[in-house]
Structures are given as structure tokens and as C-alpha cells.
Amino acid sequence: MTTLVSPSLLAADFANLRGEIDLINRSEADWLHCDVMDGSFVPNISFGFPVLEAVKRISRKPLDVHFMIVHPERYIARTARLGAMMMTVHQEACTHLDRTIHEIHEAGMKAGVALNPATPVALLEDVLAEVDMVLLMSVNPGFGGQRFIENTLAKVQRLRRLIAESGSHALIQVDGGVNGDTAPRLVRAGVDVLVSGSYVFGAERPGEVIGMLKRLGAERA
Ligand code: DX5
Ligand code: ZN
């Protein structure tokens with residue numbers, strides 16, 4: 001099985017968005033990861049709906065939208081209208097996570113739940129059967145280009161066990177500091193979807209890096 005790869009647009013050259021998205025369109029990437037930040041849930045502001053809508057018009061890859069915002073449930077309808085494939089919300093930002101997951105599904109999208117590095121996977125025990133993907137943050141969210149937090153590897157293994165026990169079909173996505181050193185270790189630990197920003201867009205040949213990340217899964221036993 002190959003790994004799914006979702007390059008993070010946050011690391012793209014925003015002065016040349018069309019060129020960067022064309023590059024992803026021509027690559028073996030599976031999805032396009034879009035990071036929405038509100039300056040409140042995280043200490044940074046990225047982009048919002050006007051940009052997402054423009055990206056959707058030119059992207060041939062399904063949009064994997066990661067909301068790092070408070071009250072993400074307010075934006076479910078608009079995200080669905082935009083045509084996103086996956087809407088990922090933070091557990092820490094949702095008081096009524098079960099309801100939010102159902103609303104995302106009712107709106108016709110796949111539902112992802114993200115956990116900050118300090119949030120234990122056990123908190124998802126009672127919703128795991130309902131979610132399509134769990135995003136483990138391997139850096140503190142807010143910025144690209146940060147150093148990978150090693151504890152994520154043990155967390156991936158704990159989440160793998162929890163998913164098996166609950167009969168869930170959830171994919172495991174890891175986001176932050178994914179590069180040539182950390183990606184093979186993550187895939188061996190059981191990750192299904194790799195998000196990578198600076199490692200992909202900072203490369204001389206991003207397409208080759210994406211291909212390399214995809215083929216890591218083939219080595220998995
Ligand atoms: C961080 C974002 C990530 C970011 C990853 O808060 O959620 O998606 O773009 O960037 P890299 O791969 O550079 O760590
Ligand atoms: Zn992200």
C-alpha cells in the first residue's frame with residue numbers, strides 16, 4: 001500500500017499560487033492540504049474562504065482543509081459549498097465534537113479531527129468510529145518549517161491500537177516537520193497520510209519529493 005501525500009499549501013509561494021498548484025496538479029500528490037488559521041486558536045493568520053475558493057477552481061486534487069480556528073462549526077456549510085473533500089477540525093476547538101462530526105458528514109464531506117501535541121489520543125475513544133481521519137500535529141500548530149516532535153511516533157502507535165480496537169476506518173494523518181528523516185519512521189509506525197509543507201515546496205524538484213513520500217508505504221510490511 002502506498003502512502004497518501006497531502007502537500008501543505010502554506011509553504012507555497014503565494015505570489016505564484018497558480019504555478020504552485022499546477023505543480024501539485026502534475027504531481028503524484030493525492031490531496032492538497034490547506035491550512036486555515038484565525039490568529040486566535042493559533043498565533044498566526046493564514047488565509048480564508050476567498051483564497052480557498054480560488055484554489056478550488058484550479059486544483060485538480062481534492063482539498064484537505066485543516067481548520068486551526070475557534071468555532072469551526074460555523075463554517076461547515078461554506079466549506080461544503082466550496083467543494084472540500086475533507087474538513088478537519090481541532091478537538092480542542094470543539095465543545096460538541098460529536099455534533100460537529102455529524103454536521104460535517106451531513107454536509108457531504110469527510111470528517112477529520114486534529115489533536116495538538118499535548119492532547120492524548122485517548123480523548124478520541126468515543127468518537128473514533130465516527131471519524132474518517134485523525135490528524136496528529138507533530139509540531140505546535142501555527143507555522144510551517146518547525147522541528148518534528150519525536151513523541152508523535154509513540155502517539156501514532158497508540159492511535160493505531162485504538163483504531164483497531166474500536167473497529168474504526170479512520171486514517172492517521174501527521175502534520176508538521178515531515179521530511180526525509182521523519183517520513184519513513186512515521187510510515188513504519190503506521191501513518192496513512194503525510195502532510196508536508198516546507199520539505200516539498202522548498203525542494204528543487206517538489207514532484208520527485210512527493211513521489212518519494214508516496215513510495216514509502218510500499219516498504220511497509
Ligand atoms: C502547521 C500546519 C502545517 C504546516 C506544516 O500549523 O498545520 O500544515 O504547513 O509545515 P511543515 O511541513 O513545513 O512543517
Ligand atoms: Zn495543517
Side-chain angles (χ1 to χ4, degrees), residues 3-14 17 20-21 23-24 27 29-48 51-52 55 59 61-70 72 75 79 84-94 109-119 131-153 155-156 171-187 191-204 206 209-210 212-214 216:
T3 310
L4 298 174
V5 177
S6 192
S8 171
L9 197 63
L10 192 65
D13 174 4
F14 289 166
L17 257 192
E20 300 280 64
I21 291 171
L23 188 151
I24 301 300
S27 79
D30 297 275
W31 304 341
L32 180 61
H33 186 83
C34 302
D35 290 299
V36 178
M37 304 180 185
D38 65 353
S40 182
F41 182 72
V42 288
N44 194 14
I45 298 174
S46 56
F47 48 76
V51 172
L52 286 174
V55 168
S59 176
K61 306 291 181 179
L63 299 192
D64 161 33
V65 189
H66 176 195
F67 282 91
M68 284 159 276
I69 66 171
V70 297
Y75 303 98
T79 307
M85 175 272 300
M86 174 81 71
M87 176 165 182
T88 297
V89 297
H90 268 262
Q91 184 274 339
E92 303 87 355
C94 296
M109 296 177 288
K110 292 196 181 298
V113 177
L115 297 181
N116 283 333
T119 307
V131 304
D132 300 294
M133 188 177 80
V134 177
L135 186 172
L136 296 180
M137 285 304 308
S138 39
V139 298
N140 284 293
F143 304 92
Q146 300 183 81
R147 196 191 169 88
F148 179 80
I149 297 172
E150 289 288 330
N151 180 55
T152 313
L153 289 159
K155 227 167 146 177
V156 169
L171 296 172
I172 303 180
Q173 182 178 65
V174 169
D175 183 7
V178 172
N179 58 34
D181 164 50
T182 56
R185 295 191 287 138
L186 284 165
V187 171
V191 169
D192 303 295
V193 192
L194 294 169
V195 173
S196 186
S198 46
Y199 182 60
V200 166
F201 285 98
E204 201 147 316
V209 171
I210 292 168
M212 183 278 279
L213 292 174
K214 269 211 74 66
L216 286 176

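For ligands, and for the atoms within them, numbers begin at 1 and follow the listed sequence. This one's a predicted model, so the numbers in the text were calculated from it and none came from an experiment.
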Problem set entry | Side-chain heavy-atom pair T79, F67 within 4.5 angstrom cut-off | yes

Problem set entry | Over 12 non-hydrogen atoms of neighbours within 6.0 angstrom of NZ in K214 | yes

Problem set entry | Protein contact to atom 14 (O) of ligand 1 [nearest heavy atom, distance to 0.1 Å] | G177 N, 2.8 Å

Exercise. Starting from atom 9 (O) of ligand 1, which protein heavy atom do you reach first, and at what distance in Å?
Worked result: S8 OG, 2.8 Å

Problem set entry | Side chain to side chain, V5 and S196, heavy atoms closer than 4.5 Å | no

For this session: Begin with the C-alpha distance, continue with both residues' side-chain angles, and end with the deciding distance and a verdict on side chain to side chain contact (heavy atoms under 4.5 Å, CB included) for L213 and V187.
Result: CA-CA 9 Å; L213 292 174; V187 171; over 6 Å; no

For this session: For L186 and F148, run side chain to side chain contact (heavy atoms under 4.5 Å, CB included): C-alpha distance rounded to whole Å, both residues' side-chain angles, the deciding distance at 0.1 Å, then the answer.
Result: CA-CA 11 Å; L186 284 165; F148 179 80; 3.8 Å; yes

Exercise. At what distance is the nearest protein heavy atom to atom 13 (O) of ligand 1, and which residue and atom is it?
Worked result: S198 OG, 2.5 Å

For this session: Could you tell me which N, O or S atom of D35 is nearest to the Zn ion (ligand 2)?
Result: OD1

For this session: Give the residue and atom name of whichever protein heavy atom lies nearest to atom 10 (O) of ligand 1, and the separation in Å to one decimal.
Result: G144 CA, 3.5 Å

Exercise. Can you check side chain to side chain contact (heavy atoms under 4.5 Å, CB included) on T3 and D30, steps first, answer last?
Worked result: CA-CA 9 Å; T3 310; D30 297 275; over 6 Å; no

Seminar exercise, completed: Looking at D175, the N, O or S atom sitting nearest the Zn ion (ligand 2) is OD2

Exercise. Between G176 and ligand 1, is there a nitrogen or oxygen pair with a distance under 3.5 Å?
Worked result: no

Exercise. Do P7 and I210 have side chains that get closer than 4.5 Å, going by heavy atoms?
Worked result: yes

Exercise. N/O to N/O below 3.5 Å, does that happen between Y199 and ligand 1?
Worked result: no

Exercise. Under a 4.5 Å cut-off applied to non-hydrogen side-chain atoms, are M86 and H66 in contact?
Worked result: no

For this session: For L10, take its heavy atoms, then give the atoms of ligand 1 lying under 4.0 Å from any of them.
Result: 9 (O)

Problem set entry | Protein contact to atom 1 (C) of ligand 1 [nearest heavy atom, distance to 0.1 Å] | F143 O, 3.5 Å

Problem set entry | G142-ligand 1 polar pair, N/O distance under 3.5 Å | yes

For this session: State whether a side-chain donor-acceptor pair under 3.5 Å links E92 with T119.
Result: yes

For this session: Please could you name the atoms of ligand 1 that H33 approaches to less than 4.0 Å, counting only its heavy atoms?
Result: 8 (O)

For this session: Would you mind listing which atoms of ligand 1 come within a distance below 4.0 Å of any non-hydrogen atom of G145?
Result: 10 (O), 11 (P), 13 (O), 14 (O)

Exercise. Of the protein's non-hydrogen atoms, which lies at the shortest distance from atom 12 (O) of ligand 1, and what is that distance?
Worked result: G197 N, 2.8 Å

Problem set entry | Any N/O pair D35/ligand 1 closer than 3.5 Å | yes

For this session: Can you sort out which atoms of ligand 1 are near P141, meaning under 4.0 Å from one of its heavy atoms?
Result: 6 (O)

Exercise. Can you tell me the angle formed at the Zn ion (ligand 2) by ND1 of H66 and NE2 of H33, to 10°?
Worked result: 100°

Problem set entry | Any side-chain heavy-atom pair of F201 and S8 under 4.5 Å | no

For this session: Go through the side-chain N and O atoms of D35 and H33 and say whether any donor and acceptor fall under 3.5 Å apart.
Result: yes

Exercise. Which ligand 1 atoms does M68 reach within 4.0 Å, using its non-hydrogen atoms?
Worked result: 6 (O), 7 (O)

Seminar exercise, completed: The atoms of ligand 1 lying under 4.0 Å from a heavy atom of H66, numbered in the order shown, are 7 (O)

Problem set entry | Subset of ligand 1 atoms that lie under 4.0 Å from at least one heavy atom of D175 | 2 (C), 3 (C), 4 (C), 5 (C), 7 (O), 8 (O)

Problem set entry | Atoms in ligand 1 with a heavy atom of M37 nearer than 4.0 Å | 6 (O)

Exercise. If you take all heavy atoms of S6 and D64, which pair is closest and at what distance?
Worked result: OG-OD2, 2.7 Å

For this session: Rounded to the nearest 0.5 Å, what's the gap from CE on M109 to CE on M87? Could you check?
Result: 5.5 Å

